[in-house]
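Whatever order the structure lists them in is the order used to number ligands and atoms, beginning at 1.
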Amino acid sequence: MSTLESYVAGRWQAGTDDGEPVLDAVTGEEITRVSSHGIDFAAVVAHAREVGGPAVARLTFHERATLLKELALHLGGAKDEFYALSLRTGATRRDSAVDIDGGIGTLFSYASKGKRELPDDTVVLDGALEPLGKGGTFVGQHLYTSRPGVAVQINAFNFPVWGMLEKLAPAFLAGLPGIVKPGSQTAYLTAAVVRHIIASGILPEGSLQLVCGSAGTLLDELGEQDSVAFTGSAHTAEILRSHPSVLHRGVRLGVEADSLNCSILGPDVRPEDPELDLFFKGVVTEMTVKAGQKCTAIRRVLVPEAMADAVIGAISARLARITVGNPADDGVRMGALASLRQRDEVRKAIEALRTSADIVHGDPDHVEVVGADAERGAFLSPVLLRARPGAAEPHEVEPFGPVATVLTYGSVDEAVALAARGRGSLVASLVTHDPQVARDVTRGLAPWHGRLLLLDRDDAAESTGHGSPLPMLVHGGPGRAGGGEELGGVRGVLHHMQRTAVQGSPDMLTAVTGRWTTGSRRVVGSVHPFRKSLAELRVGDTIETATRTVTQDDIDHFAEFTGDTFYAHTDPAAAAANPFFGGIVAHGYLVVSLAAGLFVDPAPGPVLANFGVDNLRFLTPVHVGDTIRVALTVKQITPRTSADYGEVRWEADVTNQDGEQVAAYDVLTLVAKTGQNTTGKNTTGQDTTGA
Ligand code: NAP
């Protein structure tokens, strides 16, 4: 039997000893062996730093996002192979979808977010400019840059595909090369995916390496700019937290450890309510999907005392209908655990739970199995327990399998207190149709959880369920859950980057950030910037407009034309009594409209459309007789990679005759990249004016 190859320093390499056997979870046959013996970990890290890192860092966020999308499409074409291998991990087709399609979906989601929410640049500005001096010559700006480091991921066995891709996507977008160390038990599936990634040539060489087998001395090679994202047991997390590289060299360690998640049945739910069925469904699904080997699975089922018997009866009846067996068999709802060792671990955990809870459904030592040998495969019956009063173990012991314990509560406060005894969890769900219960429980639970699902008849049809981490929402939880945070959309990308406060003059900050900073030099040329294509425009290009004096007729006309006859524009006495206006004032939208009339250059040209304004503020009232003018400055230029136009953000600064700012906002336009002439045809002859 050959050992599974790792992909390190640009080549596939097998371990140099016999390695550890990895068995098929269903049949017990040996699939492969894993060993990282003989891998030069210093060379692996050097390859990531010297080859992969610079290649990824050279790309903009949009270019990285484009590669992630290509990768997602490419892997989608190889799904059949991954599904076939996934059966051997004990996963049913439904389980595999969570892992394989969930992983590929995460790549798509990050590709899209990278394009839409990050700039086509290599730095990200964080927050607004901070004025630091009265004269406006000294300002501060927070910005994120990519670290010249390596993102190591050490993953648990339960999600061999999603586990890798959900970490790879944000780290790659952040500009970091990755080294993946999968859980050995299912590393063959991770390796199959990595083979496709490497063979595709989509990612730059060195940006993804794979270590199958033990992590060896990998962590010894890491330093201040590197990070480790760990998913696994609290025990291993403890070992990693005390590693010298973490303790003494500032390696950033993110931990996603075990979690005693709960689902709470609200005190308002009556037997006839649809919420009760949703609750049962949620518990049974979470107990049986992936045979309960999910970090987000429901381990504690919290119900009002009076509902306990009914809940136990209904959940037991549903569990009795779950067919356990060979996941390749269509009728099977729950496959095997990942390994016989894992089954032993779960049996031990059930024994520990029995110290303070009684089994009310299932037998840990026996299960009817369809299409496989119950002893050679790692099969286990779903097991439901009921806690005795004052039970401690259900809040301490994590059975990483199809096991949950029912606990009862008297009041909402008690339910919150019981949930908190998990000492920090990834997720909790509350099934209630009562907004007050939702408010009280959510406010109590939130500090102890990374994610909360409020489930009722209104959101059930669209709900993604208790157990599904989503790319756009934070995954991670405080305390026992590890204190880590992954995903969460762009938050997950920024998490890998360094935030730095940069102080200096506005001109210096414009140079550093590539975005025009308020207070920087404006460039007023002889050509109106609306006549310049994206290729010709420069940050700082400015239109300084003529002036316009606002008349009573302007205000009356606008009020009548739009129907906005708010008293401040139409009723002199009432307007005079207003604490801010002291008399009739122009509508804010009139000011913005007049401003557009001042800065627009009307003829067809490179400016294709105005798609909105950001950060609009009306700062000083405009009275009849006031004279306004506008300075419109190119603030940011973002070419779109897959279009022949890009976005231009302009800063609009509207002032009155005394130099006071009356309105400030960003104008957002689409501008042709090149060759736009006054007929509205671009160089390809395409009409881009929308006419
Ligand atoms: P584990 O034994 O802690 O293993 C996790 C990973 O750590 C594996 O890749 C393992 O490699 C590696 N590892 C073990 N000892 C190590 C060491 N001394 N140095 C470096 N790496 C080491 O956990 P598991 O049994 O695979 O996974 C089950 C646990 O993971 C459960 O407790 C579950 O709750 C938790 N989990 C949490 C999340 C989450 O997002 N919070 C998700 C999934 C699972 P080998 O496989 O080669 O031993």
**Report entry** All side-chain contact (heavy atoms from CB on, under 4.5 Å) counterparts of Ala43, not counting sequence neighbours
**Finding:** Asp40

Contact summary for [X] and [Y], nearest pair of heavy atoms:
X: Arg299; Y: Lys294; answer: NH2-O, 3.1 Å
X: Met164; Y: Ile197; answer: CE-CD1, 4.5 Å
X: Val369; Y: Ala374; answer: CG2-CB, 3.7 Å

Query raised in the report: Are side-chain N/O atoms of Thr89 and Thr186 paired as donor and acceptor at under 3.5 Å?
Result: no

Query raised in the report: Between Lys181 and Phe230, is NZ or CZ placed under 6.0 angstrom from the six-membered ring centre and within 45° of the ring axis?
Result: no

Query raised in the report: Any idea which residues sit under 4.0 Å from ligand 1, heavy-atom distances?
Result: Ile154, Asn155, Ala156, Phe157, Asn158, Lys181, Pro182, Gly183, Ser184, Ala215, Phe230, Thr231, Gly232, Ser233, Thr236, Ile239, Leu240, Glu256, Ala257, Asp258, Cys295, Glu398, Phe400, Leu426, His475

